[in-house]
Every structure is written in structure tokens, then in C-alpha cells.
Amino acid sequence: LVLISNLCFSQIANYDESKASPYPFPDVLTGVDGKKIITIKQWEANRWALLNLFAENVYGTTPKLALKQHFVINKTQIDALNGKAIQKQVSVFFDDYPQLSPINILLYVPKGVENPPIFIGLNFEGNHSLIADTAIYMTKNWMIDFRKDSTIIKNNRALEASRGAAGIETWPFEKIVSAGFAVATAYCGDIEPDYSEGWKTSLRGVIGNREVNTWGAMGAWAWGLSRILDYVETDKDIDSKKAIVVGHSRLGKAAFWAAAQDTRFAAYISNESGEGGVALSKRWYGETVEIINKNFPHWFSEKFKFYNNNVASLPIDQHQLVALIAPRPIYVSSAEGDQWSDPTGEFLSIKKAEPIYQLYHRKTLAESARPPVNQPIGSYIRYHYRSGKHYMNLYDWEQYLKFAAEVIR
Ligand code: GTR
């Protein structure tokens with residue numbers, strides 16, 4: 001019977017809430033050494049060991065490399081977005097590994113705003129797909145054919161017709177700069193193309209394959225986000241101390257891991273990051289550890305696969321990664337049409353992390369249950385459950401801009 005229920009849990013997506021919590025969740029106030037955490041000091045002393053448990057069991061360990069890198073500002077437009085912004089295109093080159101693709105950043109800085117905070121995040125289909133502007137560099141790197149439209153992507157390479165194809169809703173640059181924020185994005189495939197062999201051309205492969213089984217594409221993308229922040233720290237037009245890392249879905253998982261490891265990120269926004277993101281792994285609802293590892297064997301560490309039908313033995317769960325963001329502000333959003341990402345699991349993950357925010361005297365959510373659709377809740381810790389599909393859209397961005405204006409600026 002136990003075997004049968006394990007099999008069900010791991011391979012099938014359950015949508016019955018009454019069956020969703022078969023296992024207990026680790027207590028966020030119990031340290032890795034088993035001792036109770038009562039003070040900030042005790043929590044911070046535990047932080048490193050906890051982060052390492054995530055590295056060891058879920059994402060893999062990011063190698064500590066002091067890479068030599070340099071930044072090239074390729075193109076600057078001083079009158080972008082109807083005169084509202086300066087557009088820069090910057091490439092991050094890795095001097096020790098010239099065979100690595102540079103990370104090509106598209107950056108907009110609002111005009112007339114002193115030291116603007118900045119949103120940083122990766123995109124799925126290239127910078128050029130986000131806005132129809134022929135001046136934007138079009139990636140030559142491998143790309144998933146999400147749209148199955150050979151006029152846009154052929155043989156896994158972007159074609160001219162893919163300019164602007166993602167639509168402006170996912171990265172509404174003009175709205176963002178109008179609200180007084182800078183924004184930087186890069187194509188995730190510049191860092192690592194999203195397929196099982198993608199590691200060969202990414203840092204994971206180039207550093208000699210020795211780390212390939214210990215960190216996954218999520219780790220590589222998170223590493224790349226920190227390299228974008230390295231550039232931002234050198235740009236005098238931006239306040240790099242106010243960098244908000246944001247991501248949708250798989251890129252929300254990567255942003256989550258980046259924010260947990262790299263405390264230079266001042267805040268984190270999860271847009272439907274789901275399994276392996278903010279959603280609790282030990283819940284049986286929507287996508288499971290086994291499903292994600294089978295469909296995307298290159299995303300996480302090899303060790304994570306050990307938990308495929310054994311998730312009960314996972315020593316940690318994702319609310320503890322939320323706690324590792326504390327005391328920094330966090331916004332988590334789910335969507336009604338995206339049950340696959342387990343909206344309740346995403347909400348509960350914040351709730352279970354709140355005791356750590358309380359240690360820092362940060363305001364927590366007044367609500368103990370997920371709110372109805374389109375009613376954002378919270379302040380420093382914020383959450384919404386949007387109507388509609390799995391997507392990052394204008395509604396989401398409007399909430400993120402309000403959040404950032406209130407907690408970051
Ligand atoms: C799905 C995957 C999710 C999420 C999503 C996306 O297929 O199961 O975990 O990452 O892709 O990135 O859009």
C-alpha cells in the first residue's frame with residue numbers, strides 16, 4: 001500500500017486538496033543542527049548550512065570561481081521608449097573562457113530619475129523577442145521552439161520574424177521606466193541553452209565537466225543573474241543596492257535560487273515559479289519532483305532525482321528557501337489557470353517562512369488563507385492569485401511596480 005501511494009504521489013499530478021499534504025514539512029525554526037532558533041543570531045549562524053542543504057539536495061553547488069570578466073557597452077540609444085529611457089546593450093565576457101557565450105544584457109534606464117532601483121531577470125526567447133526594435137541584438141544561441149512556428153524559430157535558432165514575438169506584456173519596458181525603475185534582462189540561453197545537452201556550451205561544461213553532475217541549469221542561470229548584477233554595480237546610472245530579481249516559471253525558480261545565494265539582490269519576485277520554485281515540494285498537488293526531474297533532467301542536481309518517489313525523505317522544503325530570502329522583501333504570485341504550479345503550495349510556502357521574517361520584525365501577512373483572485377495582500381511580504389493563465393502579464397507587473405515603489409524606493 002505504501003508503495004502504491006508513493007507511486008501515485010510521485011508520478012501523477014493530484015488536484016484534490018484533501019490529499020495534498022501526506023507528509024510533514026520541516027519546521028523553519030529548527031536549525032540544521034536540530035536546535036531551536038530563537039534569535040536572529042542563531043538563524044544567521046544556521047543560514048550557510050541550510051543554503052548548503054539546498055545546494056546538496058536540490059540545485060547543486062555553484063562552483064566558487066573568481067572568473068575574470070569584462071563588460072562591453074555595445075550600443076546606447078538616448079531616446080528609447082518614446083523618449084522616456086536610455087537603452088544600453090551590454091555584453092558580459094568571460095576572459096578565462098573565451099568559448100563561452102557572453103551574456104547580452106538589454107537595459108533601460110528611466111530619464112530624469114536619480115539612482116533608480118532596477119528589476120533584473122532572464123527571458124525565454126531572447127532580448128529581441130520582447131520589443132520590436134531592429135537595434136536590439138538577436139541571439140544566435142540555441143532556443144526552445146515554444147511556438148512551433150518555423151517562421152519565427154527554425155532549427156532552434158531565432159529568425160528575424162521573432163522580433164517582438166513574445167509581446168510587450170511579459171517585460172513592459174515603457175511602463176517600468178515610467179514608474180521610475182530601470183530594467184535589465186538577458187536571454188537564459190546565453191548562459192545555458194535549455195535542453196539536456198545545453199550544459200556542454202555553458203559554464204557547467206566549459207569548466208571541464210567536473211561539476212556537471214553537481215549543479216544544474218537552474219544553478220547556471222542563477223549564476224548568470226549574479227553576473228548581470230556585477231555589471232549593474234559598475235553602472236553609475238543605477239542604484240545597484242536596490243536590485244529586484246524577478247522571474248517567471250522556470251526562470252522564477254532560477255531567480256529564487258539566485259536571490260537565496262546572492263544577498264546583493266535586495267528583493268525577489270516569483271511569478272508562478274511552482275515546483276522547484278516557491279511551491280512546497282512535499283505537497284502532492286500539480287507538478288511533482290518526479291515529474292519535473294523526468295521532463296527536465298538537466299535543471300536540478302543529480303541528487304534531487306533520488307527524491308523522485310521518495311520526497312518524504314527530502315531534508316528540507318521550499319519555505320526554508322523563502323526564509324533564506326529574509327529579511328528582504330518578497331512577492332509571490334500564482335494564477336488560477338496555473339494549478340500545475342500549485343498556488344496553495346506557493347502561498348503556504350510564504351506562510352511557513354514567516355517566523356523568520358518575524359525574527360527581523362518584518363510585517364507578515366495578516367491572512368492565513370490564500371486570497372480570492374485579483375486581490376493582492378500584504379506589504380513587505382506580498383502575494384496575489386491572478387485570474388488567467390500561466391504567464392507574466394501586465395496585471396502582474398502593475399502589482400510588482402506598486403510593491404517596489406513601496407518597499408524598495
Ligand atoms: C513547465 C514546467 C514548470 C515550469 C514551466 C515554465 O513545463 O513543468 O515547472 O517551469 O514549464 O517554465 O513555463
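We count ligands from 1, going down the list as the structure has it; atoms in each ligand are counted the same way. If you read the sequence from its start, that first residue is 1, and numbering goes on from there.
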Strictly under 4.0 Å, does any heavy atom of His390 approach an atom of ligand 1?
->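 Checking ligand 1 against His390, which is what was asked, there is a heavy-atom contact under 4.0 Å.
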Is Trp340 close to ligand 1, meaning an N/O of one under 3.5 Å from an N/O of the other?
-> yes
Please confirm whether Arg250 comes within less than 3.5 Å of ligand 1 when only nitrogen or oxygen atoms on both sides are compared.
-> yes
Hey, is NZ on Lys241 packed in by over 12 heavy atoms from elsewhere, all under 6.0 Å?
->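 It does not: Lys241 NZ has 12 such atoms or fewer within range.
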Crowded around Lys36 NZ? As in, over 12 foreign heavy atoms under 6.0 Å?
->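 Yes, NZ of Lys36 has more than 12 neighbouring heavy atoms, counting only those of other groups under 6.0 Å.
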Heavy-atom nearest neighbour of atom 2 (C) of ligand 1 within options His248, Glu287, Lys253, Met218 | Glu287
In terms of ring plane angle, is the pair Trp142 and Tyr195 parallel, tilted or perpendicular, where the classes change at 30° and 60°?
->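 Ring orientation of Trp142 relative to Tyr195: parallel.
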Contact check, side chains of Glu275 and Val289, non-hydrogen atoms, under 4.5 Å = yes
Among all protein non-hydrogen atoms, which one is nearest to atom 6 (C) of ligand 1, and what is the separation to 0.1 Å?
->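 Closest protein heavy atom to atom 6 (C) of ligand 1: Ser249 OG, 2.5 Å.
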Considering only protein heavy atoms, which is closest to atom 7 (O) of ligand 1, and at what distance to one decimal place?
-> Phe296 CZ, 3.4 Å
What's the verdict on ring pair (Phe, Tyr, Trp, His ring centres under 6.0 Å) for His128 and Tyr187, showing C-alpha distance, side-chain angles and the deciding distance?
-> CA-CA 9 Å; His128 71 281; Tyr187 171 48; 8.1 Å; no
Indicate, as side chain, backbone, both or neither, the part of Trp299 found under 4.0 angstrom from ligand 1 when only non-hydrogen atoms are considered.
->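 Under 4.0 Å from ligand 1, Trp299 contributes side-chain atoms alone.
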Under 4.0 Å between heavy atoms, the region of Ile292 that gets near ligand 1 turns out to be side chain
Identified salt bridge (charged side-chain N to carboxylate O under 4.0 Å, His left out) counterpart of Arg386 within the set Glu336, Glu272, Glu346 =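 By the salt bridge (charged side-chain N to carboxylate O under 4.0 Å, His left out) criterion, Arg386 pairs with just one of Glu336, Glu272, Glu346: Glu272.
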